[in-house]
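Take a look at the structure below.
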Number of protein chains: 2
Amino acid sequence: MTAASLLQRILQEREDMRPAERRVADFVGSAPSKVIHMSMARLSETCSVSDPTIMRFCRRFGFDGYQDFKLHLAQSLVPSAPFVYEQIGPQDSIDNIVRKTCRNSLNAIQRLAEDLDPAQVAEGARLLQAASWTGIYATGISEVNALDAEHKFQRLGMRCQALLGRQVQWMHAESARPGEVALIFSQSGHTKQTVEVAVAARAGGARVVSVAAGDSPLAQVSDAVIAVLPYDRTELMTPLASRLNHHLVTNMLVTAIAIASGSQFPDQLPALDSWQTDKI
Amino acid sequence: MTAASLLQRILQEREDMRPAERRVADFVGSAPSKVIHMSMARLSETCSVSDPTIMRFCRRFGFDGYQDFKLHLAQSLVPSAPFVYEQIGPQDSIDNIVRKTCRNSLNAIQRLAEDLDPAQVAEGARLLQAASWTGIYATGISEVNALDAEHKFQRLGMRCQALLGRQVQWMHAESARPGEVALIFSQSGHTKQTVEVAVAARAGGARVVSVAAGDSPLAQVSDAVIAVLPYDRTELMTPLASRLNHHLVTNMLVTAIAIASGSQFPDQLPALDSWQTDKI
DNA sequence: TTCAGGAATATAGCATAACTACATTCTGGC
DNA sequence: GCCAGAATGTAGTTATGCTATATTCCTGAA
C-alpha cells in the first residue's frame with residue numbers, strides 16, 4: 001500500500017524540503033533503480049550531501065534507516081495495479097468488460113495478500129484438521145464457496161458437508177456436538193441467520209471457524225476468524241471480489257491441511273475420477 | 001523475470017545443495033519476508049551456518065553478495081507480473097502458502113487478461129442470451145464452476161441448469177433440441193466424455209459454447225469457443241489457476257448478458273434473498 | 001547592521017555489517 | 001585407512017550504516 005506509492009510520496013514531499021534533502025529527492029526520483037544498488041556514501045556523494053542527510057531523508061518517510069528505505073524502494077519499483085474498483089456500466093464494450101473484470105480481480109487478490117493474517121489461516125486449518133466432522137455453512141452466492149470447500153476437503157479425506165438452506169443449517173447447527181467444526185462463509189458477517197447458526201453450533205460444543213469481516217458480530221461468536229475485508233457496498237450487491245477471496249482462503253486452508261497431513265505436493269489434489277483421465 | 005522466480009529457483013536448486021546451504025534455502029524459502037530484514041550474521045545464526053555459507057548461497061544465484069541478493073528477494077516478494085507458477089511444498093510456512101496462493105492467482109488472471117479474446121466472450125454471451133434453455137456441463141473439480149454459472153445465470157432470469165455426473169449429462173445431451181445451448185466447462189478440452197456430450201448436443205440441434213483450451217478436440221466440435229490456456233500439468237492436478245479463470249469467464253459472460261439485457265449495473269447482481277438482508 | 005536563536009547540514013567516530021583469505025572438517029574413491 | 005577434493009567454519013579486514021556533536025546558514029528583532 002504505502003510501498004507502491006513511495007516514489008509518488010517522495011515527489012510530493014519534495015516541496016516541503018530544504019535544498020539538501022531536495023537534491024536527494026530529485027536523484028532518488030530520477031534514478032531509483034540506481035539508488036537501490038548504492039551505498040549511503042555513494043548516494044550522499046552523488047547528491048552532494050552528507051550521510052546524515054540521507055538518514056533524515058529516509059526517516060522522514062517513516063523508515064528505520066537507509067537499508068529499510070532501499071528495501072521498500074526496490075519493492076515499489078516493481079509494477080503493480082492500484083486498489084481501485086472499476087465499475088462496469090452499460091456503456092462498456094466487451095473489451096472493457098474483460099479488462100475490468102480482470103483488473104478488479106487482481107485488485108481484490110492484492111488486497112487479500114496485504115491484509116490476510118497467515119496466523120488466522122493456520123489456526124483455522126488446525127481446527128479443521130482436528131475435527132471429526134465439519135459442517136460448511138453459507139448462504140446466497142457464497143453457497144458456491146461451500147460446495148467448493150466440500151469438494152476439496154473431501155478429496156483430502158476429511159468428513160464434511162456443505163449445508164445450504166435455512167432448514168438444513170438449523171438442523172445441523174442445533175445438533176452440533178463436541179469434536180465437530182462449523183465452517184462459516186459470510187461476506188459481511190452481519191447476517192442474523194449466520195450468527196445464530198454460529199451460536200447454536202457452539203452451544204452444542206462444536207468449534208466455529210468463520211471466514212468473514214474481522215470486526216463483525218459473527219467474528220465475535222467464533223472460535224477462530226479468518227478476517228477478509230468486505231467491500232463497501234456489499235449489502236446490495238454480490239461482487240466477484242469477496243467471493244474470489246473466500247475462494248482463495250479455501251485453497252489456502254486445503255493446502256495448509258494437506259501439508260500438515262504430510263502430503264508432498266499440497267497444491268495438487270489427486271485426480272480421483274479415473275474416467276476423467278480418459279483423454280483423446 | 002529472474003527476480004520474480006527467485007524463490008522458485010531457490011527451491012529448485014535446493015536439490016543440488018549440500019546440507020549447510022540447504023538449511024539456508026529452507027529458511028529463505030519459508031520466511032523470505034523475514035530474511036530481507038535480517039543481517040547476514042542473524043541469518044547465518046538462524047540457519048546454524050557460517051557467514052561465508054550465506055555468501056556462497058547468494059553467489060550461486062549470480063548475485064554480487066548478500067545485499068544484492070536481499071534486494072532481489074524483496075522485489076520478488078511483491079505480487080506482480082511474471083508468469084511463473086510457484087509450487088507449494090511441504091517445507092512451506094503458512095506465510096508462504098498465503099503468499100504463493102495469492103501470487104499464483106494473480107499470475108493466472110494476468111495471463112487470462114493477456115490471452116483471452118473478448119470477441120469470443122461476446123459470441124458466447126450472444127448465443128447464451130438467445131438460448132431458450134442452457135445446460136451447463138462440467139466434471140470433477142469444474143462442477144463448482146457449473147454451479148456458480150447456474151446460480152448467476154438464474155439471477156439474470158435465464159433458464160438453465162448445472163448438469164453434473166455422467167448419467168445426467170448423457171440424458172440431457174441426447175435430448176438436446178434446437179434453440180438450446182450447451183455450455184461446457186473443461187480444463188483441457190481433451191476429456192472423452194466431454195467431447196461426446198458436445199457432439200450429442202449438437203446433433204440434437206443445440207449450439208455448443210465451450211470454455212476450454214483453444215486447440216483442443218472439444219474446441220473443434222463447438223459452435224463457439226472461449227479459449228482459456230490450460231496449465232502444463234493439468235492432467236494430474238487440479239490447480240486453482242484454471243478454475244479461477246473459468247470463474248472469471250463466467251462473470252464476464254454474466255456481465256455481458258446483463259448489459260445486453262439492459263441492466264444498468266451489470267456487475268451488481270441483485271440480492272434476491274430477502275432474509276439475507278436481515279442484518280444485526 | 002549586527003547579533004542572537006534556531007534550523008539545516010556537515011564532521012568525526014563507533015559499532016556492526018559484509019566480505020575475504022585461510023584453516024579445518026567432512027566425503028567418497030582406491 | 002588414507003588421501004585428494006570438496007564443503008564448511010574461523011578469524012581478520014574493509015567499509016557501511018548509523019549517532020553524537022560541531023559547524024554553518026538562515027531568519028528576524030534590536
Side-chain angles (χ1 to χ4, degrees), chain A residues 3 6 9-29 31-77, chain B residues 3 6 9-29 31-77:
Chain A
L6 216 191
R9 279 176 61 203
I10 292 176
L11 271 299
Q12 216 170 306
E13 287 209 24
R14 201 193 95 99
E15 306 307 320
D16 306 334
M17 292 178 184
R18 311 260 58 228
E21 284 192 31
R22 192 172 287 194
R23 284 200 297 279
V24 180
D26 285 343
F27 184 77
V28 173
S33 53
K34 288 204 178 58
V35 172
I36 60 174
H37 291 112
M38 281 178 164
S39 74
M40 228 169 116
R42 286 259 315 279
L43 179 61
S44 62
E45 193 189 5
T46 310
C47 301
S48 311
V49 298
S50 64
D51 289 19
T53 302
I54 306 284
M55 273 300 309
R56 278 186 292 271
F57 179 82
C58 299
R59 294 265 160 78
R60 167 191 278 266
F61 295 100
F63 299 110
D64 290 342
Y66 184 57
Q67 299 266 34
D68 194 35
F69 170 77
K70 276 209 304 192
L71 237 44
H72 284 260
L73 182 62
Q75 292 186 324
S76 82
L77 289 183
Chain B
L6 217 190
R9 280 176 59 206
I10 292 175
L11 270 299
Q12 218 170 308
E13 287 211 21
R14 200 191 96 98
E15 306 307 319
D16 307 332
M17 293 177 185
R18 314 258 54 232
E21 284 193 30
R22 192 171 285 194
R23 284 200 296 277
V24 180
D26 286 343
F27 184 76
V28 174
S33 52
K34 287 205 178 59
V35 173
I36 60 173
H37 291 112
M38 280 180 164
S39 73
M40 226 169 117
R42 284 262 314 279
L43 179 60
S44 62
E45 193 190 4
T46 309
C47 302
S48 311
V49 298
S50 62
D51 289 19
T53 303
I54 306 283
M55 273 302 309
R56 280 185 288 269
F57 179 82
C58 298
R59 295 262 160 81
R60 167 193 277 265
F61 296 100
F63 299 110
D64 291 341
Y66 183 58
Q67 299 267 31
D68 193 37
F69 170 77
K70 276 208 305 191
L71 236 44
H72 285 261
L73 183 62
Q75 289 187 323
S76 80
L77 288 184

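Predicted model, so just to flag it, every value in this text is computed and none were measured. Just so we're on the same page: letters track the sequence lines, and every chain starts at 1. Computation of the quantities below employed the complete heavy-atom set of this structure, encompassing side-chain atoms and omitting hydrogens, waters and symmetry-equivalent molecules.
Among the nucleotides D/dG9, C/dA17, D/dC18, the one closest to any side-chain atom of A/Met40 is D/dC18. If you check D/dG9, D/dT19, C/dT20 against the side chain of B/Arg59, the one that comes closest is C/dT20. Residue B/Pro52 has its side chain nearest to C/dA21 when only C/dA10, D/dC18, C/dA21 are considered. For B/Val49, counting side-chain heavy atoms from C-beta on, the closest listed nucleotide (C/dA17, D/dG9, C/dA10) is D/dG9. Listed nucleotides D/dG9, C/dA18, C/dT9 differ in distance to A/Thr53; the shortest reach to its side chain belongs to C/dT9. Residue B/Ser39 places its side chain closer to C/dA17 than to any other of C/dA17, D/dT16, C/dT9.
Per the geometry, CZ belonging to A/Arg56 stands 7 Å off P belonging to C/dT9, to the nearest Å. Regarding A/Glu45, its CD atom lies at a distance of 11 Å from the P atom of D/dT16, rounded to whole Å. Atom CD of B/Glu21 and atom P of D/dA7 are 8 Å apart (whole Å). What separates CD1 of B/Ile36 from P of C/dA17 is a distance of 17 Å, to the nearest Å. In this structure, B/Asp51 atom CG and D/dA11 atom C1' are separated by 11 Å, rounded to whole Å. Taking atom CZ of B/Phe57 as the reference point, atom P of D/dT8 lies 12 Å away to the nearest angstrom. Atom CD1 in B/Ile54 sits about 13 Å away from atom C1' in C/dC19, given to the nearest Å.
Side-chain atoms of A/Glu21 do not come within 3.5 Å of backbone N or O of A/Phe57 as any donor-acceptor pair. A donor-acceptor distance shorter than 3.5 angstrom exists from the side chain of A/Thr46 to the backbone of A/Arg42, with no hydrogens or angles considered. The closest donor-acceptor contact from the side chain of B/Arg23 to the backbone of B/Val49 lies at 3.5 Å or more, if one exists at all. Formation of a donor-acceptor pair under 3.5 Å by the A/Lys70 side chain with backbone atoms of A/Met38 is found in this model.
Tested against B/His72, the residues B/Phe61, B/Tyr66, B/Phe63 include a single ring pair (Phe, Tyr, Trp, His ring centres under 6.0 Å) partner, B/Phe63.
When heavy atoms are screened at a 4.0 angstrom cut-off, A/Ser44 is found touching no nucleic acid atom at all.
In the region residues 60-70 of chain A, proximity to DNA chain C at under 4.0 angstrom, judged on heavy atoms, holds for none of the residues.
The shortest distance between the side-chain N/O atoms of A/Arg22 and the OP1/OP2 oxygens of C/dT9 is not below 4.0 Å.
With DNA chain C read from its 5' end, the first of the two nearest nucleotides for B/Met55 and A/Arg23 is the one closest to A/Arg23.
In this structure, B/Asp64 and B/Arg59 have side chains that are not in contact, with every pair of non-hydrogen atoms separated by 4.5 Å or more.
Between B/Asp51 and B/Ser44, the closest heavy-atom pair is OD1-OG, 3.1 Å.
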